[in-house]
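This report refers to the structure that appears directly beneath it.
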Amino acid sequence: MALKLPIYMDHAATTPCDPRVVEAMLPYFTEKFGNSGSRNHRFGWEAEEGIDWARERVARLLGANEKEVIFTSGATESNNLAIKGAAEMYEKKPAGQTGRGHIITCIIEHKAVLDPVKRLVKEGFDATFLEPGPDGIVTAKMVEAAMREDTILVSIMWANNEIGTINEVREIGALCRKRGVIFHSDGTQWAGKMPVNVEQDNVDLLSMSSHKIYGPKGVGALYVRRRNPRVRLVAQQDGGGQERGFRSGTHNVTGIVGMGKAAEIALQEMDAEGARLLQLRQKMETSLTKAIDVSQINGHLEKRLPHLTNISFGFVEGEGLMMAIKDIACSSGSACTSASLEPSYVLKGLGVGDELAHSSLRLSLGRWTTEEQVDFAIENITRAVLKLREMSPLYDMHKEGIDLSKIEWAHH
Ligand SMILES: *Cc1c(COP(=O)(O)O)cnc(C)c1O
């Protein structure tokens with residue numbers, strides 16, 4: 001059978017809805033359309049039942065209590081609520097102290113963590129932005145070294161969305177627990193793909209998103225610990241007092257039900273799916289790095305998500321590469337900022353040079369990725385890179401054994 005093009009290899013950006021999710025959602029658009037806040041009739045009760053049903057499933061996915069799950073509009077909102085809400089709740093106000101408290105995060109976090117922290121810095125908090133090494137891993141040691149007397153909050157993502165690396169979440173959590181510091185983790189790329197147990201993993205606040213786990217867009221959740229310690233947050237949106245006052249606003253009932261179904265499927269299928277995708281990813285990495293010299297996998301080679309790889313190819317130009325592989329929907333190491341192409345700040349943060357960052361691909365596999373698609377991608381990318389290199393004088397020089405790092409380029 002002919003492959004349908006383009007093939008989708010950008011599951012870290014978003015995933016299609018699972019048809020089983022859509023099926024679970026459908027009745028909530030029409031027959032069960034009620035407002036969960038309507039306490040006096042069946043329509044309201046049905047909507048509330050749907051939300052309870054979903055909350056149970058998200059809680060089970062995380063090893064949490066149902067009361068600890070707050071539904072939001074997505075991981076961006078969950079991160080904002082967790083970070084700003086905790087900072088404002090736990091800020092230091094002793095006499096004579098100038099700073100409102102210290103926050104620890106990392107330079108390769110998602111913008112939905114970095115920007116809330118930066119806003120808090122503008123408002124009088126201090127922050128340390130940890131810089132991981134070339135492997136991209138944030139360790140408990142790094143966090144410990146950055147801890148201060150006035151540290152109130154640590155926010156370190158579980159797995160990185162661009163390179164898939166996995167941080168020492170459990171150890172960082174244990175450290176925070178010992179120091180009485182609140183620990184938030186952006187678990188958007190992890191929860192639903194890999195096992196979570198909020199008790200064993202020592203997280204106090206955990207963000208997740210439905211559309212990264214085969215659920216609908218515009219819905220997410222924040223886990224908020226209720227015991228040992230009981231975490232409190234300042235609400236960032238006031239109104240009807242839904243979600244125990246943490247998040248006012250009429251429930252997105254269809255979305256929440258969809259997220260619940262997605263969580264249920266994720267829990268059932270994650271082991272088999274992870275193993276299958278790991279094999280496909282390994283095939284892709286082995287084939288590409290073997291066929292293409294001067295290529296490198298970015299981030300730690302073992303401590304990584306099974307379905308995601310980020311590979312840089314030397315001696316090709318990033319835009320040319322993306323043009324040449326139009327049949328593969330994936331992400332590049334360039335980010336569009338206003339009018340210009342900037343190299344990814346994550347790759348830069350690992351110390352990857354600008355040129356190599358631009359010629360990097362993030363390939364992320366998913367539930368319906370087939371071996372046939374992987375084979376197609378391997379062949380397509382290999383052909384594209386080798387073709388582009390035929391036009392590269394620098395690659396010729398490299399092959400002749402000239403050390404390009406020692407060349408003094410003429411300045412224009
Ligand atoms: C996708 C993503 C987000 C944003 O999630 P939304 O639900 O789209 O707001 C935040 N953090 C990480 C790590 C992500 O991958």
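Numbering of ligands and ligand atoms starts at 1, following listing order. Everything numeric here is computed off the predicted structure, so don't read it as measured data.
Not a single donor-acceptor pair under 3.5 Å links the side chain of Asp135 to the backbone N or O of Gly299.
Using a 4.0 Å cut-off between charged nitrogen and carboxylate oxygen, Arg20 and Glu23 do not count as a salt-bridge pair. Of the charged side-chain nitrogens involved, at least one lies within less than 4.0 Å of a carboxylate oxygen, so that Glu273 and Arg367 count as a salt-bridged pair. Salt bridge present: Arg57 and Glu264 bring a charged side-chain N and a carboxylate O closer than 4.0 Å.
At a 4.0 Å heavy-atom cut-off, the residues surrounding ligand 1 are Gly74, Ala75, Thr76, His110, Met157, Asn161, Asp186, Thr188, Gln189, Ser209, His211, Lys212, listed by chain and number.
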- [ ] Apply side-chain contact (heavy atoms from CB on, under 4.5 Å) to Thr105 and Val154, showing your working.
- [x] CA-CA 6 Å; Thr105 185; Val154 170; over 6 Å; no
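The aromatic rings of Tyr395 and His398 sit parallel, their planes meeting at an angle under 30°, below the 60° perpendicular limit.
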